[in-house]
Amino acid sequence: MRTSQLLLPTLREDPGEAETVSHRLMLRSGLIRKVAAGIYTYLPLGLRIIRKVENIIREEMNRAGAQELLMPVASPAELWKETGRWNFYGKELLRFKDRHERDFCLGPTHEEVITDLFRREVRSYRQLPLNFYQIQTKFRDEIRPRFGLMRGREFIMKDAYSFDKDEAGARLNYQKMYDAYHRIFSRCGLTFRAVEADTGLIGGSSSHEFMVLAATGEETVVYSETGTYAANVERAEVLPPTEGSREELRPLRAVSTPNCRTVEEVTGFLKIEPGRLVKTLLYSTGKDTVAVLIRGDHEANEIKIRRLLGVTDLELAGPATVEKITGAPVGFAGPVGLKGVRILADHAVRFTRNVVVGGNRADTHIVDANYERDFQVDEFADLRNAMAGDPSPRKDGILKATKGIEVGHVFMLGTKYSQAMNASFLDPNGKECLAVMGCYGIGVGRTAAAAVEQNHDDKGIIWPFPIAPVHVHLLPLGQSAPVAEATAGLYGSLQQAGLEVLWDDREERAGVKFNDADLIGAPFQVIVGDKGLAEGLLEIKIRKTGEKLKAAPADIPAKILQLAASGPSSQ
RNA sequence: CGGGGCGUAGCGCAGCCCGGUAGCGCACUGCGUUCGGGACGCAGGGGUCGAAGGUUCAAAUCCUUUCGCCCCGACCA
């Protein structure tokens, strides 16, 4: 490829819209361009990266015994109504009508479509197990798309769906996918970790997320440093404390706390630690309102609350509801004397003594409140996010926290979809059985973006060799005949050696070419200048280390292959 | 959906308060010089000032409406 014939619009300055490293660098290096919020065009070089990731995925999926097919982007409402997700999925499902006023949606995922295919085409246990996958553009109408390819509305995803005759078979498929994902992300040159996860809108019994560890990640992961436990905080189980405070119970009293609504304000005003406060959160479930008590230094986990209540709708109650129930403005709710709502509490609350709670009166809090003596709780449960310092639920050490980018997710679905859609087969006894399913996703663009988050410096991207848009960036300096001749020769010999080469044949100055090359981030640069030709040696620059090696032109292809196989950029 | 901010040339921005000729840097075109880490000179091209309505002799600038985008939050794979 020659730069002069390629649309490769590099930007010298950072686009104003971009915040994160990957978003900024992918725009600057001419890989993507925005068409609308969360919707991007992949420019030629960007598409090459996408294809590289896709091909790695394809190879590993095929190796794991999955077969590729391709489902439509648009799917009819009927299928979604069968599983109830037409309503359940909410606004994220982009719906539209065709010319006959029939309801359709853009597929955000394809359980319905694949299950429909299965029930039509598969009859016998002899045909199982099956695992289908596709690499396809999805659409989810995100509330807030951001960070470029990291969280788009339209995005490329590999999704796979397995069908088994029983749980044991499904577990085997799950394990195969789990292993394949390890190979895929390793081959992409990523540092990642598989963690236990919540199943969200997809549903099912268990799941793991594959998290690329990066400071800009949107997810928080906790893991045991000394053990094997790792989980998304929204999922991580928190063990009840084993012992509590032994303080003498002090008498209850009300104090004035003018304008102190938040934990920070109240603890600051009263000069106490956040752990000495219990916050009372009022949630509306759509049907009624519940109060949730959480220690001041903990974070409520709405997923756990939802699961305990068995509801899908849950949001913090509005000011009107809060005032109706507590008789006070938002910020002063407390469990003492609270009536008319169920009171749930995190386990930690049971082990506190002499805490500060809201007074259910404007500008008032209650000091030295105590569970049982001053307020009751209907149910204690694990209702908070895990955090660094908590003991691991596997009792294998203390948890640490880190940020992660979710690039893959595997789910055990069980029979949730096969039951809803009656996807069954006949077993050896002629008995009708429901297929046991699993589903497995990988965000392709997000994986590429995560690779940038993990592999860059202040000059630009440093692509891992297996997903680099090209292997070698060939940089002729100046217009002299010897340089032109040597460059043309190298262009041929590098390609002969099986390397992908981008030839910067623009009439640009050396500095411009060097800076663009560093920005674009091919693992190797080959620099052809009169200076080097005079001594018969040209330079190979290793992007990752900045190291420059000299080699005779004829030796360069072999040298690069050797570096790629063994060097720091090999991955 | 709540809070904040921004839409002026391809990109990054100034001008807006205080109405009166639309500007700067980069990029782009031509010529010349230069040529191993984002050169220089000369000459050029390019803008319905997001859109619609209003106020005014006159609107990028003031007012109203609207659309888009970004950030924080809520929410979400």
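Only a predicted model underlies this, so the values are computations on that prediction, with no experimental measurement involved. Just so you know, these numbers use all the heavy atoms, side chains as well, and skip hydrogens, waters and symmetry mates.
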Take atom [atom1] in [N] and the same atom in [M], then report the distance between them in whole Å.
| N | M | atom1 | value |
| --- | --- | --- | --- |
| B:rU65 | B:rC28 | C1' | 38 Å |
| B:rG4 | B:rG47 | P | 36 Å |
| B:rC18 | B:rC26 | C1' | 31 Å |
| B:rA59 | B:rC49 | C1' | 11 Å |
| B:rA14 | B:rA9 | P | 12 Å |
| B:rC75 | B:rC1 | C1' | 10 Å |
| B:rG44 | B:rG25 | P | 15 Å |
| B:rA60 | B:rA22 | C1' | 8 Å |

Per [X] side chain, nearest of listed nucleotides [options]:
| X | options | answer |
| --- | --- | --- |
| A:E209 | B:rC35, B:rA77, B:rG38 | B:rA77 |
| A:E508 | B:rA27, B:rC28, B:rG36 | B:rC28 |
| A:D516 | B:rA39, B:rG36, B:rG38 | B:rG38 |
| A:F155 | B:rG25, B:rA77, B:rC35 | B:rA77 |
| A:A510 | B:rG36, B:rA77, B:rG12 | B:rG36 |

I'd like to know if [X] pairs up with [Y] as an ion pair, taking the criterion as any Lys NZ or Arg NE/NH1/NH2 lying under 4.0 Å from an Asp or Glu carboxylate oxygen.
| X | Y | answer |
| --- | --- | --- |
| A:E535 | A:K550 | yes |
| A:E219 | A:K403 | no |
| A:K158 | A:E54 | no |
| A:R187 | A:E60 | yes |
| A:D346 | A:K304 | no |
| A:D297 | A:R295 | yes |

Nearest-angstrom distance from the residue atom [atom1] of [X] to [atom2] of [N]:
| X | N | atom1 | atom2 | answer |
| --- | --- | --- | --- | --- |
| A:E507 | B:rU33 | CD | P | 13 Å |
| A:H110 | B:rA77 | NE2 | C1' | 15 Å |
| A:K513 | B:rA39 | NZ | P | 13 Å |
| A:E218 | B:rC75 | CD | C1' | 12 Å |
| A:Y89 | B:rC75 | OH | C1' | 13 Å |
| A:I527 | B:rG37 | CD1 | C1' | 10 Å |
| A:Y181 | B:rA77 | OH | P | 16 Å |
| A:M157 | B:rA77 | CE | C1' | 7 Å |

#### Entry: Centroid-centroid under 6.0 Å between A:F192 and A:H182 rings
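Yes: the rings meet the under 6.0 Å criterion.
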### Task
Please confirm whether A:Y178 and A:F210 have ring centers closer than 6.0 angstrom.
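Between A:Y178 and A:F210, the centre distance is under 6.0 Å.
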### Message
Counting only heavy atoms and a strict 4.0 angstrom limit, can you tell me which residues of residues 529-539 of chain A come near RNA chain B?
### Response
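Close to the strand are A:G529, A:K531, A:G532, A:E539.
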### Query
If you find the nucleotide of RNA chain B closest to A:T10 and the one closest to A:E234, which residue's nucleotide is nearer the 5' end?
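The residue whose closest nucleotide sits nearer the 5' end is A:T10.
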Report which part of the nucleic acid [X] touches: base, sugar-phosphate, or nothing (heavy-atom distance under 4.0 Å, all strands).
| X | answer |
| --- | --- |
| A:D518 | base |
| A:R306 | sugar-phosphate |
| A:F210 | nothing |
| A:K91 | nothing |

[N] - base-pair partner by Watson-Crick or wobble geometry, distances under 3.5 Å:
| N | answer |
| --- | --- |
| B:rC18 | none |
| B:rC69 | B:rG5 |
| B:rC40 | B:rG32 |
| B:rC75 | none |

### Task
Examine B:rC35: is either OP1 or OP2 under 4.0 Å from a nitrogen or oxygen in the side chain of A:R509? Give yes or no.
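No, because none of the side-chain N or O atoms of A:R509 sits under 4.0 Å from OP1 or OP2 of B:rC35.
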### Message
Show the nearest heavy-atom pair for residues A:H23 and A:E19, with the distance to one decimal.
### Response
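Smallest interatomic distance, heavy atoms only, reads ND1-N, 4.1 Å.
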### Message
Do A:R95 and A:W86 form a cation-pi contact, if we require the NZ or CZ to be under 6.0 Å from the six-membered ring centre and within 45 degrees of the ring's axis?
### Response
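Flagged: A:R95 positioned over aromatic ring of A:W86.
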#### Entry: base_contact_polar (B:rC11 base, A:R12 side chain, donor-acceptor, <3.5 Å)
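No such pair is found, so the answer is no.
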#### Entry: Candidate list A:Q525, A:K513, A:H473, A:K459, test side-chain hydrogen bond (donor to acceptor under 3.5 Å, both in side chains), partner A:D518, passing option
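It is A:Q525; the other options fail the test.
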## Note on the structure
Quick tally for nucleotides 69-74 of chain B: nucleotides whose base has a protein heavy atom under 4.0 Å get B, sugar-phosphate-only ones S, the rest -, giving SSSBBB
### Query
Stepwise, does the side chain to side chain contact (heavy atoms under 4.5 Å, CB included) test hold for A:M61 with A:I135?
CA-CA 11 Å; A:M61 292 302 290; A:I135 296 173; over 6 Å; no
